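One structure is given here, and the rest of the page talks about it.
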Amino acid sequence: MSNKKSIKSSSSAGSFSLPNFLVSELRSRLLDWYATSGRSLPWRETRDPYRIWISEIMLQQTQVKTVIPYFDRWIQQFPSVQSLADAELQTVLKAWEGLGYYARARNLHRAAKQIAETGFPTDLDSIQALPGIGRTTAGGILSAAFDQPISILDGNVKRVLARLIALDKVPNKALTQLWAISDQLIDPENGRDFNQALMDLGATVCTPKNPACLVCPWRSHCKAYNLGVQSELPMSETRTAIPHKVIGVAVIWKDQRILIDRRKPEGLLGGLWEFPGGKLEPGETIEECIQREIREELAIDIAVGEQLIVVDHTYTHFRVTLNVHHCQYLAGEPQAIECDEIRWVAVDELSDYPFPKANIKIIEALRSVSFSGS
DNA sequence: AAAGCGGGGGT
DNA sequence: ACCCCAGCTTT
């Protein structure tokens, strides 16, 4: 390697480092603020790595307010790693129903089986080797459960640090720099409190809109505040318009039962149950679409009847309109061609199965229909 | 490096 | 209507 290059990299944390006096100042101000203004949260009342792990996974891309009731129910239902490892995947998915990003639940179940065998990992590499645990979640668990000084870089921290240094890029284009600052800032003696404090600061003071700079412990050192651009930062990603899909969905009746199918284990809504259907093709009516999809996916004949409900639902990368019709089973033995399993179930049994949110709207419509006695 | 992956809170 | 949330995995 060339002389120039080794000199450049030997300034190491180097091109991105903050002066030491500033680091000390930021640490003590943040920890003082946290002692008086930190949030009280269920997973902060324990150092049980299992509970902290569960909370960290639930909190991925999910707000604290949403997580709390799921977390409390989960700990009741699965109080230990072993109880989670012993549970059926369908039971785990049912407990996760409505929380989204269902790969998190599938990965929790897989990881629980590993932890039950090997014990809970206590170092960065082995904990990050578990499914569903990346660098930030690993730091969150190791700091919260074992007070290790392992940094984090979640959405809150990216925003706080981007404002602190008045970052002139989209945070996701400056990850190396932001990680270096998070590494440098974390207090070696207070890893747990420091990371918790940093996330609280982002969640309650350094918010995306209308940040409360007047009560911020870092105000006097914040470059964005001092430049008056705190509301313009961090720079945001440009996002593209999402496509809209029109879907035909069948509620297929045979005697007093309805046909549902279980989606393949990976991918969108993997492992969840649904009412069968598919995408409307150009020039096709909804009735024709439903009949075609059911023939292609299940190899049975049906008669498409009256509309039950229309459900609009928005996912991260597309929007759907579900046109749901009552259908009557006619002939053929259903084949699991594009799904994992098929069942005929009574309306009252639907609540035993994990469904995506858009399908739960269909179930609610079904219940009110059968209740009013159609 | 970019895309896939849910659902809801806050404004 | 839009942005964002205690991100990870796959391509």
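Letters A, B, ... are given to chains in the order of the sequence lines, protein chains preceding strands, and every chain is numbered from 1. This structure is a prediction, so every number in the text was calculated from the model and none was measured.
Although no hydrogens or angles enter the test, the distance criterion places a donor-acceptor pair under 3.5 Å between the side chain of A/Gln148 and the main chain of A/Thr122. Distance alone, capped at 3.5 Å, is enough to place a donor-acceptor pair between the A/Thr136 side chain and the A/Leu153 backbone. For A/Thr36 (side chain) and A/Trp33 (main-chain N/O), a donor-acceptor pair under 3.5 Å exists by modelled atom type.
Of the two residues contacting DNA chain B, namely A/Gly267 and A/Asn210, the nearest-nucleotide position lying further toward the 5' end is that of A/Gly267.
A/Ile242 places its CD1 atom 13 Å from the C1' atom of B/dG4, with the value rounded to the nearest Å. Atom NZ in A/Lys357 sits roughly 14 Å away from atom C1' in B/dG9 (whole-Å rounding). Rounded to a whole Å, the NZ atom of A/Lys264 is 18 Å from the C1' atom of B/dC5. Remark: P of C/dC8 and CE of A/Met58 are 16 Å apart, rounded to the nearest angstrom. To the nearest angstrom, P of B/dA1 lies 9 Å from CG of A/Leu175. The CD-C1' distance, from A/Gln60 to B/dG7, rounds to 15 Å in whole Å. Summarising the geometry, the separation between CH2 on A/Trp53 and C1' on C/dG7 is reported as 16 Å, rounded to the nearest angstrom. Nucleotide C/dA6 holds its C1' atom 11 Å from the CZ atom of A/Arg159, rounded to whole Å.
Residue A/Lys158 is classed as having no contact, given no heavy-atom separation below 4.0 Å to the nucleic acid. Counting any heavy atom pair closer than 4.0 Å across all strands shown, A/Val64 reaches a base atom. Within 4.0 Å (heavy atoms only), A/Arg319 reaches no atom of the nucleic acid at all. No contact: A/Leu198 has no heavy atom under 4.0 Å from any strand.
At least one side-chain nitrogen or oxygen of A/Lys173 sits closer than 4.0 Å to the OP1 or OP2 atom of B/dA2. Residue A/His313 places at least one side-chain N or O closer than 4.0 Å to OP1 or OP2 of B/dG7. A/Lys209 has no side-chain polar atom (N or O) that falls below the 4.0 Å cut-off from OP1 or OP2 of C/dC3. Under 4.0 angstrom from either OP1 or OP2 of C/dC5 there lies no side-chain N or O belonging to A/Gln63.
The gap from the P atom of C/dT11 to that of B/dG6 amounts to 15 Å, rounded to the nearest Å. Rounded to the nearest Å, the gap between the P atom of C/dA6 and that of B/dA3 is 24 Å. Taking atom P in both B/dG8 and C/dT9, the straight-line distance is 24 Å, to the nearest Å.
Searching all strands for a Watson-Crick or G-U wobble partner of B/dG6 with both distances below 3.5 Å returns nothing.
Taking every side-chain heavy atom of A/Lys65 into account, B/dG10 is the closest of C/dC5, B/dG10, C/dA6. You'll find that the side chain of A/Pro356 is closest to B/dG7, out of C/dC8, B/dG7, C/dC3. With B/dG7, C/dA6, C/dC5 as the candidates, the nucleotide lying closest to the side chain of A/Met199 is C/dA6. Here the nucleotide nearest the side chain of A/Arg44, chosen from B/dG10, C/dA6, B/dG7, is C/dA6. When distances are taken from the side chain of A/Thr316 to each of B/dG9, C/dA6, B/dC5, the shortest belongs to B/dC5.
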- Query: Can A/Arg292 and A/Glu288 be said to form a salt bridge (charged side-chain N to carboxylate O under 4.0 Å, His left out), step by step?
  - Reply: CA-CA 6 Å; A/Arg292 175 183 54 75; A/Glu288 291 166 344; over 6 Å; no

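A/Arg262 and A/Tyr353 share no side-chain donor-acceptor pair at under 3.5 Å. When only modelled atom types and interatomic distance are considered, A/Asn107 and A/Arg110 share a side-chain donor-acceptor pair under 3.5 Å. For the residue pair A/Gln90/A/Trp273, the side-chain donor-acceptor check at 3.5 Å is satisfied.
No salt bridge links A/Arg367 with A/Glu364; every basic N to acidic carboxylate O contact stays at or beyond 4.0 Å. Ion pairing between A/Glu349 and A/Arg257 holds under the 4.0 Å rule for side-chain N and carboxylate O.
Residue A/Gln196 places a side-chain atom within donor-acceptor reach of the base of C/dA6, judged by atom type and a 3.5 Å distance cut-off alone. Within 3.5 Å, no donor on the side chain of A/Thr314 pairs with an acceptor on the base of B/dG6, nor the reverse.
Results of the side chain to side chain contact (heavy atoms under 4.5 Å, CB included) test with A/Gln230 over A/Cys216, A/Cys213, A/Cys206 single out A/Cys213 as the only residue that passes.
Only at 4.0 angstrom or more do the heavy atoms of residues 123-155 of chain A sit from any atom of DNA chain B, so none qualifies. Of the residues in residues 94-112 of chain A, A/Gly98, A/Leu99, A/Gly100, A/Tyr101, A/Tyr102, A/Arg104 come within less than 4.0 Å of DNA chain B through at least one heavy atom, sorted by number.
Residue pairs that meet the side-chain hydrogen bond (donor to acceptor under 3.5 Å, both in side chains) test with at least one member in residues 150-160 of chain A, sequence neighbours left out, are A/Arg135-A/Ser151, A/Ser151-A/Asp183, A/Asn156-A/Arg159, A/Lys158-A/Asn172.
Looking at heavy atoms from C-beta onward, A/Leu59 lies in side-chain contact with A/Trp43 at the 4.5 angstrom threshold.
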